[in-house]
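Take a look at the structure below.
Excluded from the calculations below are hydrogen atoms, water molecules and symmetry mates; all remaining heavy atoms, backbone and side chain alike, are included. Whatever order the structure lists them in is the order used to number ligands and atoms, beginning at 1.
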Amino acid sequence: MREPLVPTLDRLPESVRRFELPTPFPVGPVNCYLLLDDPVTVVDPGMLYADSVATLTAELAKVGLDAADVGAVVVTHAHPDHYGTAGWLAERAGAPIYAGRAEVPKLLENRDRDQLYTLIRSFGIPEEMLGVFPAFYGAVREWLHDIDESRVIAVDDGDELRLGGRTLQALVTPGHAAGHLSLWEPVSSRLLSGDHLLPAITPNPLVELDGDSDLLRRRSLVDYLGSLDRFEALDPQVVLPGHGPAFTSVGALVTATRAHHERRAEEIHAHISRLVEPTAYELSRAVFPHIDGFEILLAISEVLGHVDLLVADGDVVIDLGSPTRYAPT
Ligand SMILES: [Zn+2]
């Protein structure tokens, strides 16, 4: 874990437990939260990887609970590290799975693979590297338990949810994922923030397929920064994030995050000016020369997020050729 950007908190609120579950991803372990009051709620039960199921079971046992005692499962967003075990747990518990509406098709694996590969090809990745994607998606599939559609409850922004003995307000904010779900408890000024707010890193604006967009993808970082205003306005006293320790001082985090993205956008603008109409792949190589394998998609996501900001500001234009290229205005 990198150095936190904001003050972290050692003590968790009463009747909330946090433990880490392993993932194979560069981000490291994922946080799973237990909200112990009725209905006992598990937020982000991790993925079917290493000893995560055993850890989850052991953590429930520490408070005298069994998987069958769980009354609700919450998935903040449909990234494998957060939800791979959700189907398993919901089945054992006979419990519903709450997720932001736009995440539901991803939880149910209703993705258009052809469109996804069309999008990946538009990045200009060399042909010989494209094999890493099917291999990676195949590996990820092994870490995901199937989810029974009838158990899934689609959550919309503003919904009130009765979970873990408290009334929580759903904040469904696009950014890191299209239907990212955070849970806000106004009476105690506590926020379960998933990956929208993290104490030590800026969440990757992961490229996400959007068949309705001319780019075939969402403008993840533009969405993310727009959503950030809402969290700044809430100014929660306690934030329980998807990775890393609990923290406070969201205003300072938001300021640092905006400054980081401005700097990075400037850096990427300089590369676009220097290179001749680069592709997303060429830009990602320039910014992150040491990245390899599937992580190239994280690098491309980071680059495209900032390219979208530069386009929105009128500093860069897009040539939607094959592959897509970028040029300064
Ligand atoms: Zn995450």
Side-chain angles (χ1 to χ4, degrees), residues 1-2 4-6 8 18-34 42-50 52-53 55-56 59 73-87 89 97-100 102-104 106-107 111 136-137 139-145 147 155 170-183 191-209 218 220-221 223-225 227-228 231 239-247 250 253 257 260-261 291 294-295 297-302 305:
M1 195 80 203
R2 279 187 236 173
L5 301 163
V6 280
T8 57
R18 174 186 87 101
F19 50 91
E20 294 185 326
L21 296 171
T23 86
F25 301 129
V27 71
V30 66
N31 285 336
C32 176
Y33 293 95
L34 298 183
V42 179
V43 180
D44 286 347
M47 64 200 294
L48 297 177
Y49 177 74
S52 63
V53 169
T55 303
L56 178 59
E59 289 290 338
V73 179
V74 173
V75 169
T76 58
H77 59 296
H79 289 172
D81 47 337
H82 294 259
Y83 84 92
T85 304
L89 181 58
I97 300 172
Y98 293 86
E103 299 304 282
V104 172
K106 294 184 267 173
L107 291 180
R111 296 177 213 234
F136 177 77
Y137 292 125
V140 167
R141 198 68 198 83
E142 299 291 307
W143 300 322
L144 306 175
H145 193 282
I147 290 179
V155 178
L171 294 173
V172 179
T173 53
H176 181 64
H180 187 285
L181 170 63
S182 303
L183 298 173
L191 179 74
L192 279 150
S193 68
D195 281 2
H196 206 97
L197 299 175
L198 297 171
I201 50 169
T202 53
N204 185 279
L206 201 66
V207 161
E208 194 172 323
L209 189 66
R218 290 191 312 110
S220 304
L221 190 55
D223 289 351
Y224 177 79
L225 292 173
S227 301
L228 213 48
F231 293 97
V239 183
L240 305 169
H243 305 270
F247 64 94
V250 166
L253 181 69
T257 300
H260 162 82
H261 289 304
I291 272 186
F294 180 80
E295 283 178 34
L297 197 60
L298 299 178
I300 286 174
S301 296
E302 181 74 10

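- For the Zn ion (ligand 1), the tally of protein N/O/S atoms lying closer than 2.8 Å stands at 3.
- Two residues are said to be in side-chain contact when any heavy atoms from C-beta on lie closer than 4.5 Å; V53 and T85 meet this criterion.
- Residues H180 and H79 have side chains that never bring a donor and an acceptor to within less than 3.5 angstrom of each other.
- Put simply, the residue from L206, T202, I201 that forms a side-chain contact (heavy atoms from CB on, under 4.5 Å) with N204 is L206.
- We find the CD-SG distance between E20 and C32 to be 11.0 Å, quoted to the nearest 0.5 Å.
- Although no hydrogens or angles enter the test, the distance criterion places a donor-acceptor pair under 3.5 Å between the side chain of Y33 and the main chain of P241.
- The shortest heavy-atom contact between K106 and A177 is NZ-CB, 4.0 Å.
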